[in-house]
S.K.: 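Before anything else, here's the structure in question.
Both counts, for ligands and for their atoms, begin at 1 and track the order of listing.
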Amino acid sequence: MISVYPHLIDLNDYPVTWWNGLLTQAEDIMNRPFLYANSCNGKIMGTLFYEPSTRTQMSFQTAMLRLGGRIIGFDNPQTSSVAKGENLKDTTKIISSYSDVLVIRHPTVGAAKAAALTADCPVINAGDGGHLHPTQTLTDLLTLKAEKGTLSGLTIGVCGDLLNGRTVHSLCKAMSCYENNHFIMISTKELKMPSYIKDTIRAHGGTFEEVQNLEDAIPKLDVLYMTRIQRERFASPEEYEAQKDTYILTPQKMKSAKSDMIVLHPLPRVDEIQVAVDDDPRALYFKQAKYGMYVRMSLILTMLQSTIKTELLSGQVHKGISCKNPKCITNQESYLPKSFTGTGTTLTCEYCDERLLLEH
Ligand code: NCD
């Protein structure tokens with residue numbers, strides 16, 4: 001199924017040259033913001049935030065305002081007709097017909113792709129459940145480019161909730177497309193990186209190791225990307241309690257890090273980085289959040305100017321098979337066409353990337 005609009009659902013739907021162009025434009029916006037102040041005059045961005053957000057939502061809003069455009073939307077679905085039971089398709093269909101570009105965050109995996117299927121303008125995925133977060137990754141790429149001067153040859157530690165953390169999924173998928181990056185995945189065995197992300201890293205030629213100890217890994221790292229344990233994605237409070245506070249970055253641990261290692265975090269922080277670390281010049285997470293505004297300015301401009309058509313569903317639409325992932329949008333919005341890539345007994349859902357092993 002091909003859409004006539006350029007959507008951003010997964011960064012890896014676009015070639016690395018496209019990301020690089022977007023980053024170069026973001027740098028130009030940082031250096032010469034006055035040149036872009038009226039580039040979106042008369043344009044409207046819709047924001048549908050079905051999940052809490054501070055930075056992503058407000059940096060998108062600021063980005064559009066700084067480009068001269070305007071914004072509509074909700075940040076609490078309970079104040080919209082969603083509270084009356086309206087489905088994703090209808091809300092998206094209408095708000096996209098009011099807007100020139102639509103930004104959506106949703107707690108369910110695959111929701112952005114589902115929204116794009118019926119949208120009347122480009123859709124940007126601002127986080128779909130524990131799946132992907134491509135615009136955080138653009139933020140991270142711009143930060144790495146500006147602060148490390150390169151996107152290649154880095155040893156990157158990702159630490160915390162690697163199972164549910166969508167930011168590290170998108171980050172590892174993207175950084176494995178640049179040469180010679182090595183990932184050290186630091187998590188408990190319960191919160192390990194999903195197999196579909198590790199498969200993608202391998203397919204791109206990236207290398208990784210999985211460890212449980214942060215202290216042992218720190219001296220090897222060029223970048224330490226800390227993440228929050230994603231409380232809202234756990235099945236029970238007990239399971240969350242068992243995982244929280246496992247990894248806490250302290251000034252003491254920073255002593256064994258390289259002098260030019262940088263610490264990133266998509267934020268919000270809970271307690272995985274002690275506040276005392278903020279004074280360390282290597283702690284760049286607040287600066288990182290500001291890069292996010294510039295990269296989103298670049299993204300909005302690109303989406304509004306692009307004539308690229310997006311292939312949303314490339315696989316076979318199956319009538320009799322459902323995705324086995326209970327968190328997949330196809331199991332919440334039953335009208336959606338079920339689509340899988342692959343053949344035989346192994347199929348991959350095109351909304352959530354989970355593999356189904358079918359029994360015949
Ligand atoms: C992240 C998210 O929403 O996935 N925040 C963000 O967008 N900057 C990280 C998180 O919530 O832990």
S.K.: Both conditions, 6.0 Å and 45 degrees, for the charged tip of Arg296 above the ring of Phe60: are they met here?
M.R.: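 Yes, Arg296 and Phe60 form such a contact.
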S.K.: When you compare the side chains of Gln288 and Thr143, does any donor N or O come within less than 3.5 Å of an acceptor on the partner?
M.R.: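 Checked: Gln288/Thr143 side chains show no N/O donor-acceptor pair below 3.5 Å.
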S.K.: Do any N/O atoms on Pro268 end up under 3.5 angstrom from N/O atoms on ligand 1?
M.R.: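 No - when backbone and side-chain N and O of Pro268 are compared with those of ligand 1, no distance drops under 3.5 Å.
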S.K.: In the protein, which heavy atom is nearest to atom 8 (N) of ligand 1, and how far is it?
M.R.: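 It is Pro266 O, 2.9 Å.
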S.K.: Kindly assign one of parallel, tilted or perpendicular to the pair Tyr285 and His265, based on the angle between their ring planes and the thresholds 30° and 60°.
M.R.: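 Taking His265 first and then Tyr285, their aromatic rings stand perpendicular (interplane angle over 60°).
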S.K.: I'd like to know if Gly165 contacts ligand 1, where contact means a heavy-atom distance under 4.0 Å to any ligand atom.
M.R.: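 Per 4.0 Å heavy-atom rule, Gly165 does not contact ligand 1.
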S.K.: For ligand 1, which is the ligand I care about here, please tell me if Thr56 has any N or O atom under 3.5 Å from one of the ligand's N or O atoms.
M.R.: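 By distance alone, the answer is yes.
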S.K.: Are the charged groups of Lys258 and Asp222 less than 4.0 angstrom apart, N to O?
M.R.: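 Yes, Lys258 and Asp222 are salt-bridged.
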S.K.: Pairs of nitrogen or oxygen atoms closer than 3.5 Å, one from Gln230 and one from ligand 1: do any exist?
M.R.: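 Yes, Gln230 has an N/O under 3.5 Å of an N/O on ligand 1.
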S.K.: If the cut-off is 4.0 Å to any non-hydrogen atom of Arg228, which atoms of ligand 1 fall inside it?
M.R.: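 Those of ligand 1 that fall under 4.0 Å from Arg228 are 10 (C), 11 (O), 12 (O).
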S.K.: Does Arg105 come within less than 4.0 angstrom of ligand 1, counting non-hydrogen atoms of the residue?
M.R.: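 In this structure, Arg105 qualifies as a contact of ligand 1 - some heavy atom is under 4.0 Å.
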S.K.: Gln57 and Thr47: side-chain donor and acceptor closer than 3.5 Å?
M.R.: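 There is no such pair between these side chains.
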S.K.: Should the pair Lys93-Asp120 be classified as a salt bridge under the 4.0 Å nitrogen-to-oxygen rule?
M.R.: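 So Lys93 pairs with Asp120 through a salt bridge.
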S.K.: Given that the side chain starts at C-beta and the backbone is N, CA, C, O, which of these parts of Leu267 lies under 4.0 Å from ligand 1, counting heavy atoms, or is it both or neither?
M.R.: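 Answer for Leu267: backbone.
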S.K.: Does atom CZ of Arg231 have more than 12 heavy-atom neighbours from other groups under 6.0 Å away?
M.R.: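 Result for CZ/Arg231: open.
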S.K.: Within a distance under 4.0 Å of any heavy atom of His133, pick out the atoms of ligand 1 and give their elements.
M.R.: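 Answer for ligand 1: 2 (C), 4 (O), 6 (C), 7 (O).
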S.K.: Report the nearest protein non-hydrogen atom to atom 3 (O) of ligand 1: residue, atom name, distance rounded to 0.1 Å.
M.R.: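 Nearest neighbour among protein heavy atoms for atom 3 (O) of ligand 1, to 0.1 Å: Arg166 NH2, 2.8 Å.
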